[in-house]
There are 2 protein chains.
Amino acid sequence: MKAYKSLSREELQTLLVELESAFEDAKGKGLNLNMARGKPSAAQLDMCMPLLSQIDEASDCISEGVDCRNYGEVTGIAEAKKLMGDMIGVPAENVIVCGNASLPIMYDTISRSVTFGVNGSTPWCKLDKVKFLCPVPGYDRHFAITELFGIEMINIPMTQSGPDMELVKQYVENDPAVKGIWCVPKYSNPQGITYSDDTVRAFAALKPAAEDFRIFWDNAYAVHDLYEDTKDTLLEIFSECKKRGNENIVYEFCSTSKVTFAGAGIAAVASSKENLKWFEKTMTIQTIGYDKLNMLRHVRYFKDINGIYEQMKKHADFLRPKFEAVLQVFDTELSGLEIGSWIRPHGGYFISFDAMEGCAKEIVAKCKEAGVTLTGAGATFPYKKDPKDSNIRIAPSFPTPEEMVEAANIFVLCVKLVSVKKLLGLF
Amino acid sequence: MKAYKSLSREELQTLLVELESAFEDAKGKGLNLNMARGKPSAAQLDMCMPLLSQIDEASDCISEGVDCRNYGEVTGIAEAKKLMGDMIGVPAENVIVCGNASLPIMYDTISRSVTFGVNGSTPWCKLDKVKFLCPVPGYDRHFAITELFGIEMINIPMTQSGPDMELVKQYVENDPAVKGIWCVPKYSNPQGITYSDDTVRAFAALKPAAEDFRIFWDNAYAVHDLYEDTKDTLLEIFSECKKRGNENIVYEFCSTSKVTFAGAGIAAVASSKENLKWFEKTMTIQTIGYDKLNMLRHVRYFKDINGIYEQMKKHADFLRPKFEAVLQVFDTELSGLEIGSWIRPHGGYFISFDAMEGCAKEIVAKCKEAGVTLTGAGATFPYKKDPKDSNIRIAPSFPTPEEMVEAANIFVLCVKLVSVKKLLGLF
């Protein structure tokens, strides 16, 4: 197919008429589809139902002598530390298992740093300026936390191998106001990029200007491969940091939200003993203990890390057709038109689409008009501001493959329509 | 029996020899008993086991159209709001249901006020001084939270009808630095006192000097009656506040930690819509939702508030003998000696004992020596400082009635021994 930008004005105008007509037809269908929500479908959740029947008798509630029904064990039960540690390749002794999701752990970590500081440093609320680096596009809920706490966010462009590490190094090693960076290192949200070994090593080797700088390593998709033969592998950062005597630099987060139940999983933070000790200091005041019965359900259901791997193979079989349905439509309908680019992810939960500059908002609006809800344009950037108004996050996990095809067709139609309008200078 | 203080020095010395000898005998038994922990026994937890088998099939996971396995419903499911609201007599629309315990909700509420303020007021971290009123004796974990955040705590003496409301009113209505008061209004921890109607009305009628003053109403023992015929009733504060156009003044907390599972219950906060809206503003950044499956387990198990009442009757039958075992020993062994006083609670989880001034620490130490662990003396006061060194909290819930008798006998022996020594000026 011919690139739109190489078309004459007349050709574009003819195309516009055709696309407008197709768009009106599409609107007439009265669709109601949603590609916005990075949440599992009911059918996917069904696969984990036996997890809920793991604990029936009182004798089932004991984990290595601990009665999980009762108070105590503020850092979680040992069996759950092992399971979650294995998921990300970190020893159990460096793991604290918390509640039903990792987001509150990240929120608490920021909140704790703001109010109490980091391992004895000045609380961030006492500083004139605190900055965070934000690889973009990235995860909106990370940015929402730092924004809420009044932390200034700095965009760091993503490359195919992770964040631009030259830029990261420059900021981190020269500006003591830079206290952290948000990372989704494997199958990044939304691009599905896995950081290269060099990128991970560059992170581990950082010599921050601020003693309280930390890498917020949100390993949300550690086990979320879509393909057996093209699994991405992420270098384990904690041991890389340790090798360099730099083990306090990283907080790693993970959960089973997208392994078992989005609303009722278990979540963990992994870090150096010194960092965890600092966490515990406030955690023991904040709670008498997280839900240990839910930890135990997970441990009993999976038995060990191999149980998680097996589960994720089933997930992959289930999710793959949804991803491929979308990518197939993109390939067929958009290849060669040069009005957008996308990445074919090997895992994770999203497909990232980059439209022509200045078109993302309009595409999302048009899709909405035709009954297809997308994540708001800009959501993948701090302050919801995509400087190029280009990135759109597509979440294929919730609808069926058939719905995904239907939604993707509307999407590509809107991409074409908006791009032609843009090229014609109509908005 | 004769009051110790009326004994001659010689009589006291004779008594001392007898008590020392009895103490040595007791030590020889090598006991290992614990009256420190306000936690349920395994046998009590066993009573709730069917709760864990409420959700087996996918169809069980739906609550009024909401799939509780998935993301969403940040304020909790409607059915759980109703159940928790009924437990404390507040409409469901004024309730947010959160995680597995109320302590983290209280912590978050303080943390939020410190960092973000209260309904738009100046964040407490920006103020020179923030003070909290603390009825004493009280709950150590409340005091630990306020201490952690650097909030100055002011002791308010408890009376038989609740905190000294003259003093409360004086502080709250004149000092704008006073931002809150910790209350356990029913079967207070540790005394088991229920606030009188007049006390509740006085709270509801407060006209605080600070617009961001709030009553932290920890209704932890709302349904924890020990006796059918002598149930205490607590006036419902929220509607009292409403009547006076003062509904923003109170945050009420409750949980099922001591109804179902101490480690895996559900917890809620109730307040005015304006207050809850302020909570939600940060809550939606902090979490995508609390564990809704656990909410649903509770709803399905209890069906409605009557299910909770039935459960609590069983608890009462189970706990009553433990309380009575202790009180029986106190009555028999200490009546008339005038070396200590105690309250016979109608519910709750504790018995509060007041020793002669300056004796509590020594009694706790002596008990420890004889193999009986008690809550540290002073724990029931801010900064762990009991100005009279008099109060000791006894927790009868965990041991068996037989163990409680044994432990109580050691306790009264130590009370006698330490009191005699005190009267003889030996320490």
Side-chain angles (χ1 to χ4, degrees), chain A residues 37-42 45-46 48-50 52-58 60-61 67-73 99-101 103-104 107-108 111-112 114-116 123 125-126 141 144-145 147-149 257 260-265 281-282 284-294 297 398, chain B residues 37-42 45-46 48-50 52-58 60-61 67-73 99-101 103-104 107-108 111-112 114-116 123 125-126 141 144-145 147-149 257 260-265 281-282 284-294 297 398:
Chain A
R37 294 172 296 184
K39 69 189 224 182
S41 63
L45 296 168
D46 287 351
C48 276
M49 285 307 294
L52 298 180
S53 312
Q54 295 299 312
I55 302 176
D56 283 326
E57 305 297 327
D60 300 335
C61 299
D67 188 336
C68 292
R69 301 170 301 181
N70 221 325
Y71 286 122
E73 306 298 310
N100 72 322
L103 194 73
Y107 178 97
D108 279 353
S111 177
R112 188 186 296 119
V114 167
T115 308
F116 304 113
C125 68
K126 305 279 184 204
R141 287 187 176 269
I145 292 174
E147 185 173 1
L148 180 70
F149 283 92
S257 293
T260 58
F261 298 117
K281 224 178 127 169
T282 46
T284 53
I285 307 292
Q286 182 176 14
T287 179
I288 312 183
Y290 296 95
D291 185 337
K292 295 184 295 297
L293 283 180
N294 207 34
R297 270 182 209 107
F398 195 74
Chain B
R37 293 172 298 184
K39 68 188 225 182
S41 63
L45 297 168
D46 287 350
C48 276
M49 285 309 294
L52 299 181
S53 312
Q54 296 298 311
I55 303 178
D56 284 326
E57 305 297 328
D60 300 335
C61 298
D67 187 337
C68 293
R69 301 170 300 181
N70 221 326
Y71 287 123
E73 305 299 311
N100 72 322
L103 194 72
Y107 177 97
D108 280 353
S111 178
R112 188 185 297 119
V114 167
T115 309
F116 305 113
C125 68
K126 306 279 185 203
R141 287 186 176 272
I145 292 173
E147 185 173 0
L148 180 71
F149 284 92
S257 293
T260 58
F261 299 117
K281 225 178 129 170
T282 46
T284 52
I285 307 293
Q286 181 176 13
T287 180
I288 312 182
Y290 296 95
D291 185 337
K292 295 184 294 297
L293 283 180
N294 207 34
R297 269 182 210 107
F398 195 74

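So that the names make sense, note that chain A is the first sequence line, chain B the second, and so on, each numbered from 1. Only heavy atoms go into these numbers, but all of them, side chains included; no hydrogens, no water, no symmetry mates.
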If you count heavy-atom pairs under 4.5 Å between each of B/Phe261, B/Phe149, B/Tyr107 and chain A, which one has the most?
B/Tyr107

Rounded to the nearest 0.5 angstrom, the CZ-SG distance for B/Phe116 and B/Cys125 is 9.0 Å

Please report the shortest heavy-atom distance between A/Leu293 and B/Ala264, naming the atom on each side.
CD1-CB, 3.7 Å

Please say whether the positively charged group of B/Lys39, taken as NZ for Lys or CZ for Arg, lies over the ring of A/Tyr71, i.e. under 6.0 angstrom from the six-membered ring centre and within 45 degrees of the axis.
no

If I measure from the heavy atoms of chain A, does B/Glu73 come under 4.5 Å with its side chain, its backbone, both, or neither?
neither

Please classify the contact of A/Asp67 with chain B as side chain, backbone, both or neither, using a heavy-atom distance under 4.5 Å.
side chain

Under a 4.5 Å cut-off applied to non-hydrogen side-chain atoms, are B/Cys48 and B/Thr260 in contact?
yes

If you tally heavy-atom pairs under 4.5 Å against chain A, which of B/Ala101, B/Gly99, B/Gly263 wins?
B/Gly263

With a 4.5 Å limit on heavy-atom distance, are the side chains of A/Thr115 and A/Pro123 in contact?
no

Under 4.5 Å from a heavy atom of chain A, the part of B/Asp291 involved:
both

Do the side chains of A/Leu103 and B/Gln286 get nearer than 4.5 Å, heavy atoms only?
no

Turns out that what part of B/Ser53 lies under 4.5 Å from chain A's heavy atoms comes down to both

Chain A contacts, top residue of B/Ile288, B/Val114, B/Thr282 (heavy-atom pairs, under 4.5 Å)
B/Ile288

For chain A, find which of B/Arg297, B/Arg37, B/Lys126 contributes the most heavy-atom pairs closer than 4.5 angstrom.
B/Arg297

Select one option (side chain, backbone, both, neither) describing which atoms of B/Asp56 are under 4.5 Å from chain A's heavy atoms.
both

May I ask you to name which of A/Pro40, A/Gly289, A/Ser257, A/Ala262 has the most heavy-atom pairs under 4.5 Å with chain B?
A/Ala262

If only atom types and distance count, is the side chain of B/Asn294 paired as donor or acceptor with the main-chain N or O of B/Gly265 below 3.5 Å?
yes

For B/Cys61, which atoms come within 4.5 Å of any heavy atom of chain A: side chain, backbone, both, or neither?
side chain

Most contacts with chain B, counted as non-hydrogen pairs under 4.5 angstrom, among A/Ile55, A/Leu52, A/Ile145, A/Leu148
A/Leu148

Checked A/Thr284, A/Leu45, A/Asp108 vs chain B; the most non-hydrogen pairs under 4.5 Å come from A/Leu45

Side chain to side chain contact (heavy atoms under 4.5 Å, CB included) involving B/Thr287 - partner list, sequence neighbours excluded:
A/Pro104, B/Val74, B/Tyr290

The criterion is salt bridge (charged side-chain N to carboxylate O under 4.0 Å, His left out); which residues satisfy it with A/Asp46, sequence neighbours excluded?
B/Arg69

